Amino acid sequence: MAAGRGDTCVQGKSWLCIRLRPGSSRNCSNVRQLYALLCETLRYSSVIEEIISSAELIRGPKKLPMNLAKVLVYDLLFGKGLQCGGRWKSTILAHRARLHAELAKLKVKKKVSSNQDLVTSMGGSSAGRVLPRYVRVNTLKTSLDDVITYFKRQGYANKGKARSIEELVDFAQKSGKFFLQDLHIPNLLVFPPSTDFHNDSLYTSGHLILQDKASCLPALLLDPPVGACVIDACAAPGNKTSQLAAIVQNKGKVFAFDLDTKRLATMSTLLLRAGVTCQELANQDFLKVNPCDPKYQKVSHILVDPSCSGSGMPNQMRVLTDEAGSEKEERLQALSAFQRRALSHALSFPSVQYVVYSTCSIHQQENEDVVKDILQQHPDFGLVNVLPSWPLRGLDTFAGSECCLRASLTETLTNGFFVALFKRRSPEERRLYEELKQSDLHQEEASNRENENKDLVISDSSVQSKRKSEQISQDSASSTKKKRKKKKRKTDQS
């Protein structure tokens, strides 16, 4: 079913189309809430369909369209109550008592007491692990201690520093006014998922940055020194840029590039609110930046977080509407080709010492495969074994892949992510690397020669064995022939 003008469509077991006023989805001020509503409606779809059918909600001459009815019934029975107005709200409210009654009957029928158990019993998906609310303290404007003191005054309980990811998992299942300090990222606080900061004064003033834990890793691992010259190659929307500025303490320079004018304007606003003053924004393609430009002669650290498939981001609708087979493969090939160019270009800056590469993708083509190829093209650089305590490492596809980091909802309680840190080799490191490489080549050649010799020995042995077998056969045949002749002579004599 194709969406008409003004339709927002989400594909589930059937198409879920919400009729909106033309252009209203673009101008909606609560896009996040709308998106969450759609995802949850998809999850409860089978339950809602049965309730609607039993309540006879969509019968009559002015019946409600099924797809719209699903969303409204979800909001009434499982959400925060109907937020819409007009005749559709009146229609749903007229059936409110019947809908609640049918929900109660369905729970009795399925022998469950909770909404989640009802969903699972009817083939719906379990909510599973839930991301907590990660909040990065912006040290350009405040300190961790001051923020902790602020939240205590607001009635929040400080539960201390998390000791394991399992502790964070348990924490994320709860609700209430309390928080933890993250065990991996300094200045990162962890709150229950339902905590909302959009109207909090510390957030609106730029003292707090809402940023997923995995997204904090690239700048943290790049770790430029205070006063360094840094490049953020694909910078918008700017959270990593502001984090870099905080690490260098607003000294030195952070060059930020992005091709999208609107995204760059949004980033400028975000950086202003965050108190960043060391930035230099450019509406420019990073690939066209001249590494030999005197402006960048002091650049020692570069963050490359290029466009990617976004497959690591939690998106139920993407799972349902992703390209199939060849289309998906073509897109990944195009993305990984761009990612290789961007990373290779970053490594070509003459004074650069460290380059961090990251994606919010789970695909090997955009992660380990890119890193492996770039290492072969740039022998002056090697990988740094970062954050040894991190539990999820790169896929075992090349020597040294364990130096890379991966992140996922199930393993690290974050969005899906990938990070690799490149370091320019010193002359001594380069010499040792070349010696090791030559040694490996010699060993490989020796191993190949040994295998060839084994093949020759096996071949010679096979020939000798065959000849010996033939000789034995001949001897056996000759012996048999002699026995027959001797037996014949005995018979003739008798």
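Here the structure is a predicted model, which is why all the values come from computation and not from measurement.
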Could you list the donor-acceptor pairs under 3.5 angstrom formed between side-chain atoms of residues 186-197 and any protein atom two or more places apart in sequence or on another chain?
unit_1: Thr195; atom_1: OG1; unit_2: Pro192; atom_2: O; d: 2.9
unit_1: Asp196; atom_1: OD1; unit_2: His198; atom_2: N; d: 3.1
unit_1: Asp196; atom_1: OD1; unit_2: His198; atom_2: ND1; d: 2.7

What side-chain donor-acceptor pairs closer than 3.5 Å can you find for residues 154-161, not counting sequence neighbours?
unit_1: Asn158; atom_1: OD1; unit_2: Gly160; atom_2: N; d: 2.9

Anything under 3.5 Å between a donor and an acceptor, one on a side chain of residues 287-300, the other on a protein residue two or more places apart or in another chain? List them.
unit_1: Asn290; atom_1: OD1; unit_2: Cys292; atom_2: N; d: 3.0
unit_1: Asp293; atom_1: OD1; unit_2: Lys295; atom_2: N; d: 2.9
unit_1: Lys295; atom_1: NZ; unit_2: Glu280; atom_2: OE2; d: 3.2

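With a 4.5 Å cut-off on side-chain heavy atoms, Met267 and Gln279 do not count as touching. Using a 4.5 Å cut-off on side-chain heavy atoms (C-beta onward), Val371 and Phe422 make contact. Glu167 places a side-chain heavy atom less than 4.5 Å from the side chain of Leu180. Ile148 places none of its side-chain heavy atoms less than 4.5 Å from the side chain of Val137. The shortest distance between side-chain heavy atoms of Phe78 and Val47 falls below 4.5 Å. With a 4.5 Å cut-off on side-chain heavy atoms, Ile302 and Leu347 do not count as touching. Within the 4.5 Å cutoff, the side chain of Phe381 has heavy atoms near those of the Val352 side chain. No side-chain heavy atom of Asn199 sits less than 4.5 Å from a side-chain heavy atom of Thr204.
Side-chain contact, Ser361 with His363: no donor N or O sits under 3.5 Å from an acceptor N or O. Side-chain contact of Ser336 with Arg340: a donor-acceptor pair under 3.5 Å is present, judged by distance alone.
Considering all non-hydrogen atoms of both residues, Ser309 and Leu335 come closest at N-CD1, 3.5 Å. What you find for Leu303 and Pro218 is that their closest heavy atoms are CD1-CB, 3.9 Å. Heavy-atom minimum distance, Pro391 versus Ile165: CG-CD1, 3.6 Å. The minimum heavy-atom distance between Gln365 and Leu332, with the atom names listed, is NE2-CD1, 3.6 Å. When every heavy atom of Ala236 is checked against every heavy atom of Arg263, the shortest pair comes out as O-NH2, 2.8 Å. Pro379 and Gln376 get closest at one heavy-atom pair: CD-O, 4.1 Å.
Considering CG of Leu375 and CG of Leu383, their distance stands at 4.5 Å, rounded to 0.5 Å. The CG atom of Leu183 sits 7.0 Å away from atom OG of Ser164, with the distance rounded to the nearest 0.5 Å. We find the SG-CZ distance between Cys308 and Phe338 to be 10.5 Å, quoted to the nearest 0.5 Å. Distance CE/Met313 to SG/Cys360: 5.5 Å, rounded to 0.5 Å. For the atom pair CG of Leu217 and CG of Leu421, the computed distance is 11.5 Å after rounding to the nearest 0.5 Å. The CG atom of Leu140 sits 7.5 Å away from the OG1 atom of Thr277 when rounded to the nearest 0.5 Å.
Atom NZ of Lys177 has more than 12 neighbouring heavy atoms from other residues, nucleotides or ligands inside a 6.0 Å radius. Counting non-hydrogen atoms of neighbouring residues, nucleotides and ligands closer than 6.0 angstrom, the NZ atom of Lys372 reaches no more than 12 such neighbours. Tyr354 OH: 12 or fewer foreign heavy atoms inside a 6.0 Å radius.
Between Arg431 and Glu428, at least one side-chain N (NZ, or NE/NH1/NH2) sits under 4.0 Å from a carboxylate O, which counts as a salt bridge.
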* Show your reasoning for whether side-chain contact (heavy atoms from CB on, under 4.5 Å) applies to Tyr134 and Ile185. => CA-CA 10 Å; Tyr134 291 110; Ile185 313 290; over 6 Å; no
* So Leu221 and Val419, side-chain contact (heavy atoms from CB on, under 4.5 Å) or not? Walk me through it. -> CA-CA 9 Å; Leu221 299 178; Val419 190; 3.8 Å; yes
* Asked: Where do Asp146 and His207 land on the side-chain contact (heavy atoms from CB on, under 4.5 Å) test, with the steps shown first?
  -> CA-CA 10 Å; Asp146 287 347; His207 290 66; over 6 Å; no
* To do: Tell me, with the steps shown, if Thr359 and Asn367 meet side-chain hydrogen bond (donor to acceptor under 3.5 Å, both in side chains).
  => CA-CA 7 Å; Thr359 72; Asn367 298 330; 2.6 Å; yes
* Kindly indicate, with the supporting measurements, whether the criterion side-chain contact (heavy atoms from CB on, under 4.5 Å) is fulfilled by Val135 and Phe151. => CA-CA 12 Å; Val135 179; Phe151 280 118; 5.7 Å; no
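Residue pairs meeting the salt bridge (Lys or Arg N to Asp or Glu O under 4.0 Å) criterion with at least one member in residues 407-426, sequence neighbours excluded, are Lys423-Glu429. Contacts classified as salt bridge (Lys or Arg N to Asp or Glu O under 4.0 Å) and involving residues 203-222 (residues at least two apart or in different chains) are given here: Asp182-Lys213.
Judged by distance alone, with hydrogens and angles left aside, the side-chain atoms of Thr142 form no donor-acceptor pair with the main-chain N or O of Thr139 at under 3.5 Å. One N or O on the side chain of Lys141 and one on the backbone of Arg273 form a donor-acceptor pair closer than 3.5 Å. Between the Asn138 side chain and the Ala274 main chain, a donor and an acceptor come within less than 3.5 Å of each other. Of the possible polar contacts, one joining the Glu368 side chain to the Leu395 backbone as a donor-acceptor pair under 3.5 Å is found. With Ser268 contributing its side chain and Leu264 its backbone, the two residues share no donor-acceptor pair below 3.5 Å. Between the side chain of Glu366 and the main chain of Gln339, no donor-acceptor pair closer than 3.5 Å is present. Judged purely by atom type and a 3.5 angstrom limit, Asp258 has no side-chain atom pairing as donor or acceptor with the backbone of Gly238. For the pair Ser358 (side chain) and Asp305 (backbone), a donor-acceptor distance under 3.5 Å is absent.
Take Phe349 and apply the ring-ring contact (aromatic ring centres under 6.0 Å, His included) test, not counting sequence neighbours, and it matches Phe286, His345.
Residue Leu405 is tested with Leu392, Leu387, Thr412, Asn385 for a side-chain contact (heavy atoms from CB on, under 4.5 Å); the sole match is Leu387.
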